[in-house]
2 protein chains.
Amino acid sequence: MTDELRIFRNFIKKNNIKNSRSREKILEIFLNTEKHISIYELHDLVKRQYPEIGLATIYRAMNIICRSDLAETINIGDGVKRFEHKYGHRHHDHLICIKCGKIIEMHNDDIEEIQKKMCKKFDFKMTDHKLQIFGYCKNCLD
Amino acid sequence: MTDELRIFRNFIKKNNIKNSRSREKILEIFLNTEKHISIYELHDLVKRQYPEIGLATIYRAMNIICRSDLAETINIGDGVKRFEHKYGHRHHDHLICIKCGKIIEMHNDDIEEIQKKMCKKFDFKMTDHKLQIFGYCKNCLD
DNA sequence: TATAATAATGATAATGATTTTCATTATTAG
DNA sequence: CTAATAATGAAAATCATTATCATTATTATA
Ligand SMILES: [Mn+2]
Ligand SMILES: [Mn+2]
Ligand SMILES: [Zn+2]
Ligand SMILES: [Zn+2]
C-alpha cells in the first residue's frame, strides 16, 4: 500500500467517514497525474475507467483529499480551482504562462525568509501564502 | 479636472467608446473610496446617489476603468473580484487577514528583485505577479 | 450472516458571481 | 436636427460550485 493510501485511510477512519470504492479510485487517478488538474479534467479522466462516477462525487472526493493533506488547491484567477499533490511535495510558487497555460514550479528560500520578515514588521501571523508570476514561458516567446 | 478623469477621458476617446454620465459617476465614487471594493459594495455606494444605476453598468464601467489602468482587480480566493486604485499607487503585495478580512499593503524591493532573478532562471518573461500572504492581523490575534 | 443505522452516490436543482441579450435611451458626428 | 451607434437596466444565460433527495453501499453488531 502506498504512503498516500495509508494516510487517506487513516484520515477516513479518524473522521467517521465511510470507505468508498469510488473515492479511492478518484484518489488513485488523481495521484497518477502530475498536472495541476481541474475537477472537470479529473472527471474526464475518471470517466474513462469508471463512467458511472458523477461530477458531484469528484467534488466531494477532492474536498476530502484536500482535508487529508494529500492535495491542495491553486487558483490562477480564471475561475476554476485546480488541484495538485501535497504529500511529498514541498511548498513552491508558480510561474504561469498566460499564452499556453503551462505552470512552472519554483522555490526560493530567500523570498520565503523576506516574507516572514515582512509579516513580523506588520505583526501579522502568516498561515499560508501564494506567489504567482504571470507571463510567457520559454516556448511562447515568439 | 483630476489626472484620473483626464486619463479616463483620453482612454474613452482613443477607443471609440462614447462618454456616459453614469460611467463617470461610477469612476468618481470608486476613486473616492480607498477600499479594496467589490462590485456589489460599489453598487451599494453608487445607488445611494444614483439609485437608477444598475449592477451590469457597474460591471461594464469597472471593466473599462481597469482597461484604462486606473484600477486593477485583486482576487483573494473567496470568489469575488475586488478593485483597487492603480493610478498613483505603486505595485504592492497583500497581507490578508482570514478572520476580519483586513487587507494590509506592503512592498519589498528584495522580493521583487529575486522574482526577476527566478524568471531569468526559467527563461520566463514576467508580465505581472501577485503575492498574497494569508493569516491573522494584529487585532485578530486572540 | 442478517439487519439496522447511516454515509455515499448520481441526478438534478439551487446558488452566486459574472456576462449576455435586447428593447429603449443617450451621445455624438455631420 | 438627424442618423448612426454606443450605453443602459432588466432580465435571461452562463459557469463553477454546492445542496437536495431518493436510492445504494458500507459497517457495526446482533
Ligand atoms: Mn504546483
Ligand atoms: Mn492593495
Ligand atoms: Zn507558454
Ligand atoms: Zn484581522
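Proteins come first, then strands; the chains are lettered A, B, ... in the order of their sequence lines, and each starts at number 1.
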May I have the distance from B/Ile17 (atom CD1) to D/dT8 (atom C1'), rounded to whole angstrom?
15 Å

Residues forming a salt bridge (Lys or Arg N to Asp or Glu O under 4.0 Å) with A/Arg6, sequence neighbours excluded
A/Asp3

Sorted by number, the residues of residues 4-11 of chain B with heavy-atom contact under 4.0 Å to DNA chain C:
none

Once you round it to whole Å, what is the distance between C1' of D/dT8 and CD1 of B/Ile26?
10 Å

Spacing between A/Glu24 atom CD and C/dA7 atom P, to the nearest angstrom:
18 Å

Candidate pair A/His129 and A/Gln115, rule side-chain hydrogen bond (donor to acceptor under 3.5 Å, both in side chains), full reasoning:
CA-CA 9 Å; A/His129 69 271; A/Gln115 283 176 16; 3.1 Å; yes

Would you please name every residue forming a side chain to side chain contact (heavy atoms under 4.5 Å, CB included) with B/Lys35, sequence neighbours left out?
B/Thr33, B/Ile37, B/Glu41

Please, which pairs that meet salt bridge (Lys or Arg N to Asp or Glu O under 4.0 Å) have at least one residue in residues 97-112 of chain A, sequence neighbours excluded?
none

Nearest-Å distance for atom pair NE2/C1', residues A/His43 and C/dA11:
11 Å

Centroid-centroid under 6.0 Å between B/Tyr59 and B/His43 rings
no

Using a side-chain heavy atom cutoff under 4.5 Å and only I, L, V, M, F, W and Y, what cluster partners does A/Phe124 have?
A/Leu95, A/Ile104, A/Met106, A/Ile111, A/Ile114, A/Met118, A/Phe122, A/Met126, A/Leu131, A/Ile133, B/Leu95, B/Ile104, B/Met106, B/Ile111, B/Ile114, B/Met118, B/Phe122, B/Phe124, B/Met126, B/Leu131, B/Ile133

Residue pairs involving residues 23-34 of chain B (criterion salt bridge (Lys or Arg N to Asp or Glu O under 4.0 Å); sequence neighbours excluded):
B/Arg9-B/Glu24

Rounding to a whole Å, what distance do you find between B/Ile58:CD1 and D/dT8:P?
10 Å

So A/Ser38, base contact, sugar-phosphate only, or nothing? Heavy-atom distance under 4.0 Å.
nothing

Taking for each residue the nucleotide of DNA chain C bearing the nearest heavy atom, is the 5' side occupied by A/Glu52 or by B/Ser20?
A/Glu52

I'd like to check the side-chain hydrogen bond (donor to acceptor under 3.5 Å, both in side chains) partners of B/Arg82; sequence neighbours left out, ordered by chain and number.
B/Asp78

Whole-Å distance between C/dT28 C1' and B/Ile12 CD1?
14 Å

Quick one: A/Ile76 CD1 to D/dA16 C1', roughly how many Å, whole number?
14 Å

In whole Å, I'd like the distance from the NZ atom of A/Lys13 to the P atom of D/dT26.
16 Å

For residues 65-77 of chain A, which residue pairs qualify under side chain to side chain donor-acceptor pair (under 3.5 Å), counting only residues two or more places apart or in two chains?
A/Asp69-A/Lys86

Using a 4.0 Å cut-off on protein heavy atoms (strictly under), produce a 5'-to-3' string for nucleotides 12-26 of chain C with B for base contact, S for backbone-only sugar-phosphate contact, and - for none.
-----SBBBB-----

